[in-house]
Asks: 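Let me give you the structure first, and then I'll get to my questions.
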Amino acid sequence: MRAGGTGQDGRIALIQSDIWIGFPRAERVLDRLQSLIDAPRQTRMPGLLVHGASGIGKTMIARSVSRRYAPEYDPAAGITHTPLLLLQAPPAPDERRFYLHILAAVGAPATTLGVRAQSVAALEVRVIALLRDLGLRMIMIDEVHNLLAGTHREQRRFLNVLRYLSNELEASLVCFGVSEAVDAIRCDVQLARRLDEHHLPNWRDDAEFSDMIQTLIAAMPLGKKSNLKVKSLKQILALTGGVTSRIFALVKDLSIDAILSGEECITDDAITKWTPVWSRHATAQRRLEQSGA
């Protein structure tokens, strides 16, 4: 959690900022990613496909490891070392857009970005040369399920691009996406053989969920300890469907309410009365549809 003020506004801003909670299921993925970064270069680098429901925490994990390996400038050599590159897959499997996105992500000069009129092959050569100079060891593609927006042929071409980049740079490829993207990636047999699959399931009523909730609540800048009953933990699970982003949203909402009300802790009663934001939006949408709007 980023640092902030100690007053009411500062604490609320702190709650609303990005929060990283190192729970075991996330740490297991991070450990696997670390081993891939540390692996010696080889012609066919191993990789990883992390998949699960939307909001389960895939992007949170990707950004966490990306922050660990931020680009570093070596003044002696005059080179910026970039061991890891985190990219979001384009809205559709478009090779040209993807290569231009890579150039922008590594801070390529404006003159380089002016090559939009060049062929895809020319962009490919430029990207490979640039990434090789950066010493890249891992390419991470978030929202890889975006490739499903294209035709089967476009999907295959895009997967070929990912496999080619990994081969040429001898860099590990890591993809994050919803489970629907798994079948599309499996269509590329060569790529599928190299990507181990790691599924992030929705949270269940077990000790790991209980520990995660207590750790998350403890990270909130509240004046008092929140002593919740087991029934309330089960209710949190029911309200959120075991989706990480919804769990975080619930705890943040209740924490801000606790500060504004002066309660300074999350209570069982507050959980009972809480209404999910996503339910409110769904209800409003149904009303619009029923009215013919």
Side-chain angles (χ1 to χ4, degrees), residues 18-72 81-89 102 105 131 134-147 159 161-204 206-209 211-212 215-216 242-245 247-248:
D18 289 336
I19 297 174
W20 168 256
I21 301 295
F23 39 85
R25 64 160 58 184
E27 293 296 341
R28 285 192 289 271
V29 179
L30 291 176
D31 288 344
R32 175 57 176 154
L33 294 175
Q34 184 65 56
S35 68
L36 290 175
I37 290 178
D38 294 339
R41 293 188 185 275
Q42 51 191 289
T43 306
R44 298 292 182 266
M45 292 293 290
L48 186 66
L49 168 61
V50 182
H51 62 95
S54 178
I56 204 62
K58 303 179 295 295
T59 298
M60 184 169 57
I61 293 172
R63 289 178 178 174
S64 176
V65 71
S66 178
R67 285 192 291 268
R68 294 185 183 184
Y69 290 93
E72 292 186 0
H81 296 289
T82 306
L84 186 152
L85 183 61
L86 173 59
L87 303 163
Q88 180 171 305
I102 291 176
L131 295 184
L134 295 178
L136 197 69
R137 298 194 61 85
M138 177 178 287
I139 305 171
M140 298 178 67
I141 311 295
D142 196 14
E143 308 285 350
V144 73
H145 48 265
N146 286 349
L147 65 88
L159 292 174
V161 168
L162 296 183
R163 178 159 44 82
Y164 176 76
L165 286 176
S166 177
N167 289 347
E168 283 296 302
L169 299 169
E170 294 185 339
S172 293
L173 176 65
V174 178
C175 298
F176 295 84
V178 298
S179 296
E180 286 80 1
V182 175
D183 290 337
I185 290 179
R186 286 175 180 168
C187 289
D188 189 314
V189 178
Q190 296 182 60
L191 185 60
R193 284 174 179 169
R194 278 188 253 164
L195 299 184
D196 290 339
E197 294 180 16
H198 186 98
H199 179 237
L200 287 174
N202 287 22
W203 293 92
R204 298 178 296 176
D206 54 20
E208 186 177 25
F209 172 70
D211 290 343
M212 187 274 287
T215 302
L216 177 58
V243 176
T244 309
S245 62
I247 294 170
F248 275 52

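Basis for what follows: all heavy atoms, side chains included, without hydrogens, waters or symmetry-related copies. Residue indices begin at 1 and follow the sequence shown. In this text the structure is predicted, and so the values were computed from the model without any measurement.
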Asks: Is it true that a side-chain atom of S66 and a backbone atom of L86 form a donor plus acceptor pair closer than 3.5 Å?
Replies: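 No: the side chain of S66 does not pair with the backbone of L86.
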Asks: For residues E180 and H145, determine if any side-chain heavy atom of one lies less than 4.5 Å from a side-chain heavy atom of the other.
Replies: no
Asks: Can you tell me how far apart CD1 (I141) and CG (L147) are? Round to the nearest 0.5 Å.
Replies: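 Those atoms lie 10.5 Å apart.
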Asks: Any side-chain donor paired with an acceptor under 3.5 Å for E197 and H199?
Replies: no
Asks: Give, for atom CG of L49 and atom CZ of R186, the distance between the pair rounded to the nearest 0.5 Å.
Replies: 8.5 Å
Asks: Can you tell me which residue among I139, V144, V29, L36 is in a side chain to side chain contact (heavy atoms under 4.5 Å, CB included) with V174?
Replies: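 Result: among I139, V144, V29, L36, L36 is the only option passing the side chain to side chain contact (heavy atoms under 4.5 Å, CB included) with V174.
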Asks: Report yes or no: does S166 contribute a side-chain atom to a donor-acceptor pair with the main-chain N or O of A171 at less than 3.5 Å?
Replies: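 At least one qualifying donor-acceptor pair exists.
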Asks: Please report the interatomic distance CG(L48) to CZ(F176), rounded to the nearest 0.5 Å.
Replies: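 Reported to 0.5 Å precision, the distance equals 7.0 Å.
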Asks: Show the nearest heavy-atom pair for residues I19 and M60, with the distance to one decimal.
Replies: O-SD, 3.9 Å
Asks: Taking the side chain as every heavy atom from C-beta outward, state whether L33 and L84 have any pair of such atoms under 4.5 Å apart.
Replies: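 L33 vs L84: side chains apart.
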Asks: Would you find a donor on one side and an acceptor on the other, under 3.5 Å apart, between the side chain of N146 and the backbone of A89?
Replies: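 Such a contact is found between N146 side chain and A89 backbone.
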Asks: Does I37 offer a backbone N or O that forms a donor-acceptor pair with the side chain of R137 under 3.5 Å?
Replies: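 Here the side-chain-to-backbone pair exists.
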Asks: Knowing that exactly one of L134, L85, L136 qualifies, which makes a side chain to side chain contact (heavy atoms under 4.5 Å, CB included) with L169?
Replies: L136
Asks: Between K58 and A53, is there a donor-acceptor pair closer than 3.5 Å when you use the side chain of the first and the backbone of the second?
Replies: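 It does hold such a pair.
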Asks: Keeping R67 on the side-chain end and A62 on the backbone end, is there a donor-acceptor pair under 3.5 Å?
Replies: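 A pair under 3.5 Å: no.
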Asks: Please check if atom CD in Q42 has more than 12 non-hydrogen atoms from other residues, nucleotides or ligands closer than 6.0 Å.
Replies: yes
Asks: Contact between R163 and L159 at the side-chain level, heavy atoms closer than 4.5 Å - yes or no?
Replies: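 No. Closest side-chain heavy atoms not under 4.5 Å.
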Asks: Is the shortest distance from a Lys or Arg side-chain nitrogen in R32 or D196 to a carboxylate oxygen in the other one below 4.0 Å?
Replies: yes
Asks: Does V50 offer a backbone N or O that forms a donor-acceptor pair with the side chain of H198 under 3.5 Å?
Replies: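 The answer is no, because no donor-acceptor pair under 3.5 Å joins these two groups.
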Asks: Using a 3.5 Å distance criterion without hydrogens, assess whether the side chain of R25 forms a donor-acceptor pair with backbone atoms of E208.
Replies: no
Asks: Just verifying a value: how many Å separate L195 CG and M45 CE, rounded to the nearest 0.5 Å?
Replies: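 It is 12.0 Å, given to the nearest 0.5 Å.
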Asks: Check whether any side-chain heavy atom of W20 sits under 4.5 Å from a side-chain heavy atom of I61, and report yes or no.
Replies: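 W20 reaches I61 side chain to side chain.
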Asks: Heavy atoms, side chains only, cut-off 4.5 Å: are D142 and R63 in contact?
Replies: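 Side-chain contact under 4.5 Å: no.
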Asks: Counting only heavy atoms from other residues, nucleotides and ligands, does the tally under 6.0 Å from CZ of R68 exceed 12?
Replies: yes
Asks: If you draw a 6.0 Å radius around CZ in R41, do more than 12 non-hydrogen atoms from other residues or ligands fall strictly inside?
Replies: yes
Asks: Please name the pair of heavy atoms, one in L162 and one in C175, separated by the smallest distance, quoted to 0.1 Å.
Replies: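 Taking L162 first and C175 second, the nearest heavy atoms are CD1-SG, 4.5 Å.
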Asks: Over all heavy atoms of both residues, which pair between N167 and R194 is shortest? Give the atoms and the distance, please.
Replies: OD1-NH1, 2.7 Å
Asks: Ring-plane angle category for F23 and W203, please: parallel below 30°, perpendicular beyond 60°, tilted otherwise.
Replies: perpendicular
Asks: Quick one: are I21 and F248 in side-chain contact, heavy atoms under 4.5 Å?
Replies: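 Yes, close enough: below the 4.5 Å cut-off.
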Asks: Can you measure from CD1 (I102) to CG (L165) and round to the nearest 0.5 angstrom?
Replies: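 The distance works out to 5.5 Å.
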Asks: Taking all heavy atoms of A105 and all of L87, pick out the closest pair and write down the distance.
Replies: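 Shortest heavy-atom contact: CB-CD2, 3.6 Å.
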Asks: Distance check, rounded to the nearest 0.5 Å: M138 atom CE versus S172 atom OG?
Replies: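 With rounding to 0.5 Å, CE (M138) is 5.0 Å from OG (S172).
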Asks: Are L30 and Q34 packed together at the side-chain level, in the sense that at least one heavy-atom pair is separated by less than 4.5 angstrom?
Replies: no
